[in-house]
Amino acid sequence: MRLSQLFGKTLRQPPAEAETVSHQLLVRAGMIHQVAAGVYSYLPLGWRALRKIEQIIREEMDAAGGQELNMPVLQPLELWQETGRDKALGDTLFTLKDRRQRPLVLGPTHEEVITLLARQNVRSYRDLPLLLYQIQTKFRDEPRPRGGLIRVREFPMKDLYSFDVDEAGLNLSYRKMAEAYRRIFQRCGLPTLMVEADSGAIGGKGSHEFMVIAPTGENEVLTCEACGYAANAERAAFAKSPLPPEEPMPLEEVPTPGAATIAQVAGFLGVPPSQTYKAVFHWCDGAPVLVTIRGDLEVNEVKLKNALKCAELRLATEREVLAAGLVAGYASPVGLKGIKTVADDSITTGANFVAGANREGYHLKQVNYPRDFSVDLLTDIAQAQAGLPCPQCRAPLRSTRGIEVGHVFKLGAVYSQKLGANFLDQEGRQRPMVMGCYGIGVGRLLAAAVEQNHDGAGIIWPSPIAPYQVHLVGLGMDKGEVAASAAELYSRLQAGGFEVLFDDRLESPGVKFNDADLLGLPVRLTISARTIKAQGAELKRRRDAGPGATVPLAGLLAEIKSLLAGEGQQA
RNA sequence: CGGGGUGUAGCGCAGUUGGUAGCGCGCAUGGUUUGGGACCAUGAGGCCGGCGGUUCGAGUCCGCCCACCCCGACCA
């Protein structure tokens with residue numbers, strides 16, 4: 001491709017609204033263009049890089065036995081009502097009506113459609129296992145798009161769905177996919193960490209995310225260096241230090257004027273926060289819930305939401321708290337009636353806690369569970385944090401941030417049961433297919449790759465996903481001799497099978513070099529009066545600093561090939 | 001949705017007490033340059049986010065709306 005013909009201009013300054021590095025660089029390099037919040041066009045260079053990634057994904061999916069197909073973006077809302085996911089997705093679902101006023105949705109994912117497809121085409125265990133995938137545009141009306149391509153409302157995604165006869169089969173498919181994912185990210189030049197994750201609105205029995213560790217990541221990841229435990233903070237467990245048993249003492253009410261927070265109460269009564277019960281009010285699908293947890297711990301809303309199995313969960317407003325008859329700052333489940341109560345299992349060890357008296361200005365001492373109160377639900381709803389002990393080996397957990405580029409789910413039979421996707425097993429019994437689903441955000445992967453591979457001057461593409469491999473720069477293109485030999489080299493490179501971007505513009509060297517650095521192709525080849533005199537060309541890898549080496553024209557192609565091969569290994 | 005911020009040329013920005021809009025980059029033409037964002041000259045390009053109001057007169061003052069960005073609740 002001749003740069004003089006290429007659609008898309010480089011910018012010296014990034015647009016003011018671009019904050020993330022990948023966003024700034026992709027815009028400056030003329031690879032993407034924003035159309036609306038979270039909606040982007042891909043320009044030729046960006047699109048080429050994206051297609052490179054798609055191709056890598058295809059190869060690995062096919063190698064793992066996947067079959068590519070394509071499903072519609074437009075789907076009847078009815079289908080989503082059947083599985084109840086219209087509610088689970090809520091406002092995230094883009095909806096519209098056709099001319100007959102039939103409600104439709106723009107597909108945010110395709111479990112429903114693919115399950116229907118499998119129901120229609122799978123009859124027997126002999127048809128299984130089955131791995132079907134597509135790379136297609138998804139629509140999610142995210143509450144807040146951000147970070148350029150990191151979080152958008154319309155995005156290309158690879159989604160594969162596995163269908164197996166049983167759990168064992170699912171586990172096998174799951175492992176196969178996890179392995180394919182590792183290879184994909186590796187080939188894209190991205191080290192990723194596979195972490196335990198919450199499955200959110202997709203549902204199912206277990207899931208893992210693939211995180212690119214980056215400070216700009218949206219997710220907090222907790223890891224244990226000692227044993228390798230890794231989990232998204234919204235899902236992570238930790239070893240709750242049990243408190244020593246004590247002889248339960250009689251319940252006692254004490255005045256605690258003005259002590260409405262854990263810190264104040266603990267200070268006032270001279271006990272550690274871990275010797276208190278914290279009460280938090282949540283609002284779950286239109287009803288109040290009182291959540292109790294040990295005073296030194298925090299509530300994890302994702303865990304709580306899962307435990308309550310509710311569609312919408314948030315903190316209760318002051319007004320809602322009052323209306324429910326709760327006393328903010330002095331509430332506890334002790335003696336409380338008519339309100340759903342949940343507690344973290346941290347309340348089960350130790351004894352003689354301080355808790356609210358449900359009366360302004362008073363707390364209870366020597367509260368003991370289950371002697372003094374009961375709860376409707378007792379489970380782990382505590383927020384893991386850096387420094388807390390690893391659930392597996394008790395070494396302190398560490399916190400990092402990550403960009404989620406892939407997510408794999410064990411769905412089980414949730415969708416197949418709801419939509420009647422059954423097959424006949426060897427004994428002639430009808431059974432629901434056991435499903436898994438596996439997503440990769442392709443555009444986000446592109447952004448993450450830039451996020452991870454850049455310097456002050458611009459992008460440094462990992463060569464497998466670079467839009468072109470060689471950036472050929474002609475300096476002094478108004479000189480016939482330079483123009484001719486640059487053009488000749490361009491043809492030779494193309495004939496040799498290289499993907500070449502040829503800067504044939506009549507620009508000053510500074511402009512050309514700076515654009516080359518910004519666009520970030522792995523190898524730069526410069527030809528000028530100077531190099532022609534030396535019967536060579538200057539060869540430089542993007543990731544190397546300093547001037548390149550002058551290489552004789554004779555062995556040039558082989559030289560480039562070996563440089564690129566080295567790049568591939570590095571990635 | 002809560003909190004914060006910004007809308008003036010393709011990009012980055014300025015615009016005073018209200019008087020009909022400017023700078024840098026980029027773009028076009030001509031010329032001089034050519035190994036790390038060169039220089040000179042000339043030129044094109046604006047519904048000042050939108051609507052309404054105040055005023056003889058609004059980019060500027062007031063009201064409403066919209067868009068976009070950032071921080072939190074959601075996710076590939």
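Quick caveat: nothing in here was measured; it's all calculated off a predicted structure. Chain A is the first sequence line, chain B the second, and so forth, proteins listed ahead of strands; every chain is numbered from 1.
- Heavy-atom nearest nucleotides on RNA chain B were determined for Gly38(A) and for Glu301(A), and the one closer to the 5' end corresponds to Gly38(A).
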Protein-nucleotides 6-12 of chain B N/O pairs closer than 3.5 Å?
from: C11(B); atom 1: O2'; to: Gln13(A); atom 2: O; distance (Å): 3.0
from: G12(B); atom 1: OP1; to: Ala16(A); atom 2: N; distance (Å): 2.5
from: G12(B); atom 1: O4'; to: Gln13(A); atom 2: OE1; distance (Å): 3.2
from: G12(B); atom 1: O2'; to: Gln13(A); atom 2: NE2; distance (Å): 3.1

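- In this structure, the aromatic ring of Phe155(A) is positioned over the six-membered ring of the base of A76(B), centres within 5.5 Å and planes within 30°.
- Annotation: cation-pi geometry not satisfied between Arg140(A) and Phe155(A) (NZ/CZ under 6.0 angstrom from ring centroid, within 45° of ring axis).
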Using a cut-off of under 3.5 Å, enumerate the N/O to N/O pairs linking the protein to nucleotides 38-42 of chain B.
from: A38(B); atom 1: OP2; to: Ser508(A); atom 2: OG; distance (Å): 3.1

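- A distance of 4.0 Å separates CZ of Arg48(A) from OH of Tyr468(A), quoted to the nearest 0.5 Å.
- Spacing between U6(B) and C61(B) at atom P, rounded to whole Å, works out to 13 Å.
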Find every protein N or O atom lying less than 3.5 Å from an N or O atom of nucleotides 28-32 of chain B, and list the pairs.
none

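- Going from the P atom of G5(B) to that of A76(B) covers 33 Å, rounded to whole Å.
- Of the residues near RNA chain B, Lys9(A) and Thr92(A), the one whose nearest nucleotide (by heavy atom distance) lies more toward the 5' end is Lys9(A).
- Within 4.0 Å of Gly406(A), counting heavy atoms only, lie sugar-phosphate atoms of the nucleic acid but no base atom.
- Checked by distance alone, Arg140(A) brings no side-chain donor or acceptor within 3.5 Å of a matching partner on the base of C75(B).
- Using the six-membered ring where Trp is involved, Tyr174(A) and Tyr438(A) have ring planes that are tilted, between 30° and 60° apart.
- Here U20(B) is in the syn range [glycosidic angle within 90° of 0].
- Glu68(A) pairs in a side-chain hydrogen bond (donor to acceptor under 3.5 Å, both in side chains) with only one of the listed residues (Lys158(A), Arg58(A), Gln134(A)), which is Arg58(A).
- If you take atom P in C47(B) and the same atom in U32(B), they sit 37 Å apart, rounded to whole Å.
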